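Before any comments, here is the structure.
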Amino acid sequence: MSSESTLVSAAHFAYLSARTTQEGDYLQRLKRAAGEAGIPEICVAPEQIAFMGILLRLCQAKRVVEVGTLAGYSAIGMARSLPADGSLHTIEFDPKHAAFARKWVADSDVAERITVLEGRGEEHLPQFADASIDAVFLDADKGGYPGYLREAMRFLRPGGLVMADNAFAFGQLFDASPSDREVGAVKAFNDHVPTVQGLEAVIVPIGDGLWVGIKR
Ligand code: SAH
Ligand code: DHB
Ligand code: MG
């Protein structure tokens, strides 16, 4: 056995996915309804929700901020890993997405824990006080990530958790001429993260690549 890592293939992803805690009936129905409502099918993978939930429990997160709500899938998934008096603020720019998410949050088992804030990430993040938040999840416009991370490093408490989606740029990280216009922004963010003072971080190869970091 060499000291090199196993090259993770599509078969490995299918294998781990089949053995990971599932998202449950409500989130499956939410995804179906979102698709029928014409909302893009770009929520995080079930194994990301499982992993993020474990991380939130490990750091005993009570206050969480998300940028990029879409249909509320990841917000509901994460909120289930918070204590009953925990809170998750999720920020969404698109009014249609925010309205859909509000309805599905209201009907969920974690309605009391979630607040959907309509507007841009950069507009809402300054309201969170210094060192007052336990965890942040970035999953909105990729060009906004460096600014969101800068704010997060201010409002996270020491030991706070940073998570950011799509480190593998929608599967187009190594494409010579990618079709998605945000690939360049993802690459720039991936190169920026290691330069951020006071942050220890790793890309975890689940879903479309999940940045996981901790504020020292
Ligand atoms: N976290 C969700 C998926 C988010 S998809 C999940 O896993 O379930 C990205 C979302 O970010 C979209 O709904 C898009 O409208 C929103 N978005 C894009 N730019 C934004 C911005 N500047 N501020 C807040 N939300 C934004
Ligand atoms: C896209 C955005 C995401 O956050 C994601 O997880 C997948 C795709 C997109 O904009 O195409
Ligand atoms: Mg994403």
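Counting convention: from 1, in listed order, for ligands and their atoms alike. Source: prediction; values computed, not measured.
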query = With no hydrogens and no angle check, is any side-chain donor or acceptor of Asp208 less than 3.5 Å from a backbone partner on Gly171?
reply = yes
ask   = When you measure from atom 25 (N) of ligand 1 to every protein heavy atom, which one gives the shortest distance, and what is it?
value = Phe93 N, 3.3 Å
ask   = Identify the closest protein heavy atom to atom 21 (C) of ligand 1: which residue and atom is it, and at what distance?
value = Asp141 OD1, 3.3 Å
query = Where is the nearest protein heavy atom to atom 23 (N) of ligand 1: which residue, which atom, and how far?
reply = Gly121 N, 3.0 Å
query = Is it true that Thr69 lies under 4.0 Å from ligand 1, counting heavy atoms only?
reply = yes
key: Polar proximity ligand 1 side, Cys43 side, N/O cut 3.5 Å exclusive   = no
ask   = Is there a donor-acceptor contact under 3.5 Å from the side chain of Lys142 to the main chain of Ala167?
value = no
query = Are any side-chain N or O atoms of Tyr145 and backbone N or O atoms of Ala164, one a donor and one an acceptor, separated by less than 3.5 Å?
reply = no
query = Do Phe189 and Ile214 share a hydrophobic cluster (ILVMFWY, side-chain heavy atoms under 4.5 Å, transitive)?
reply = no
message = Less than 6.0 angstrom separating the ring centers of Tyr73 and Trp104, yes or no?
response = no
task = Mind checking whether Arg120 contacts ligand 1 via backbone (N, CA, C, O), side chain (CB onward), both or neither, at a 4.0 Å heavy-atom cut-off?
result = both
query = Of Lys62, Gln60, Arg157, which meets side chain to side chain donor-acceptor pair (under 3.5 Å) against Asp134?
reply = Arg157
Presence of salt bridge, Lys187 and Asp191, under 4.0 angstrom = no
query = Among all protein non-hydrogen atoms, which one is nearest to atom 3 (C) of ligand 2, and what is the separation to 0.1 Å?
reply = Asn166 OD1, 3.3 Å
ask   = For ligand 2, is any non-hydrogen atom under 4.0 Å from Ile42's backbone (N, CA, C, O), its side chain (CB onward), both, or neither?
value = both
remark   = Logged contact type for Val44 with ligand 2, heavy-atom cut-off 4.0 Å, is neither
task = Answer yes or no for Gly119: is there a heavy-atom contact with ligand 1 below 4.0 Å?
result = yes
task = Flag the pair Asp130 and Arg154 as a salt bridge only when some basic side-chain nitrogen lies within less than 4.0 angstrom of an acidic carboxylate oxygen.
result = yes
query = Which atoms of ligand 1 sit under 4.0 Å from any heavy atom of His97?
reply = 12 (C), 13 (O), 15 (O)
query = Which ligand 1 atoms does Tyr148 reach within 4.0 Å, using its non-hydrogen atoms?
reply = 21 (C), 22 (N), 23 (N)
message = So does Ser179 get a backbone contact from the side chain of Gln172, meaning a donor-acceptor N/O pair under 3.5 Å?
response = yes
query = atom 6 (C) of ligand 1: which protein heavy atom is closest, and how many Å away?
reply = Ser74 OG, 3.0 Å
inquiry  = Taking only non-hydrogen atoms of Asp180, do any sit less than 4.0 angstrom from ligand 2?
reply    = yes
remark   = Nearest non-hydrogen protein atom to atom 10 (O) of ligand 2, with distance, is Glu182 OE1, 3.7 Å
inquiry  = To check your reading of the model: name the closest protein heavy atom to atom 7 (O) of ligand 1, its residue, and the distance in Å.
reply    = Val44 N, 2.9 Å
Cationic N near anionic O, under 4.0 Å, Glu118 to Arg102 = yes
ask   = Is there a chain of hydrophobic side chains (I, L, V, M, F, W, Y, each step under 4.5 Å between heavy atoms) that links Leu138 to Leu156?
value = yes
message = Checking one value in my table: which N/O/S atom of Asp139 lies closest to the Mg ion (ligand 3)?
response = OD1
request  = Among Gln28, Gln22, Arg29, find the residue that satisfies the side chain to side chain donor-acceptor pair (under 3.5 Å) test when tested with Asp25.
outcome  = Arg29
request  = Quick one: look up the protein heavy atom nearest atom 1 (C) of ligand 2 and list residue, atom name and how far away it is.
outcome  = Phe170 CE2, 3.4 Å
ask   = After noting the C-alpha distance and the side-chain angles of Asn190 and Trp211, does the key distance pass the side chain to side chain donor-acceptor pair (under 3.5 Å) rule?
value = CA-CA 9 Å; Asn190 289 346; Trp211 270 112; 2.7 Å; yes
query = Of all the atoms in ligand 2, which lie at a distance below 4.0 Å from a heavy atom belonging to Asp165?
reply = 6 (O)
query = Would Gln48 and Asp165 satisfy side chain to side chain donor-acceptor pair (under 3.5 Å), going step by step from the backbone distance to the final call?
reply = CA-CA 9 Å; Gln48 282 178 276; Asp165 195 33; 2.8 Å; yes
message = Is it the case that ligand 1 has an N or O less than 3.5 angstrom from some N or O of Phe137?
response = no
request  = Considering only non-hydrogen protein atoms, determine which one is nearest to atom 9 (C) of ligand 1 and report residue, atom name and distance to 0.1 Å.
outcome  = Asp139 O, 3.1 Å
query = Would you say Glu66 contacts ligand 1, with heavy atoms under 4.0 Å as the rule?
reply = yes
remark   = Quick note on ligand 1: atoms under 4.0 Å from a heavy atom of Asp94 include exactly 15 (O)
task = Check for a donor-acceptor pair, side chain of His124 on one end and backbone N or O of Gly121 on the other, with a separation under 3.5 Å.
result = no
request  = List the closest protein heavy-atom neighbour of atom 10 (C) of ligand 1: residue, atom name, distance to the nearest 0.1 Å.
outcome  = Glu92 OE1, 3.7 Å
message = Using a plain distance cutoff, I'd like to know if Gly72 has any nitrogen or oxygen under 3.5 Å from a nitrogen or oxygen of ligand 1.
response = no
task = Please state which part of Lys142 comes within less than 4.0 Å of ligand 2, counting heavy atoms only: side chain, backbone, both or neither.
result = side chain
request  = Report yes or no: does Glu47 contribute a side-chain atom to a donor-acceptor pair with the main-chain N or O of Ile206 at less than 3.5 Å?
outcome  = no
message = Checking contacts here: is it the side chain or the backbone of Phe100 that comes within 4.0 Å of ligand 1, counting heavy atoms only? Could be both or neither.
response = neither
ask   = At the Mg ion (ligand 3), what is the angle formed between atom OD2 of Asp165 and atom OD1 of Asn166, rounded to the nearest 10°?
value = 90°
task = Before signing off on this row, confirm whether Ala140 and ligand 1 have an N or O atom pair separated by under 3.5 Å.
result = no
key: Salt-bridge contact Arg216-Glu200 (side-chain N to carboxylate O under 4.0 Å)   = yes
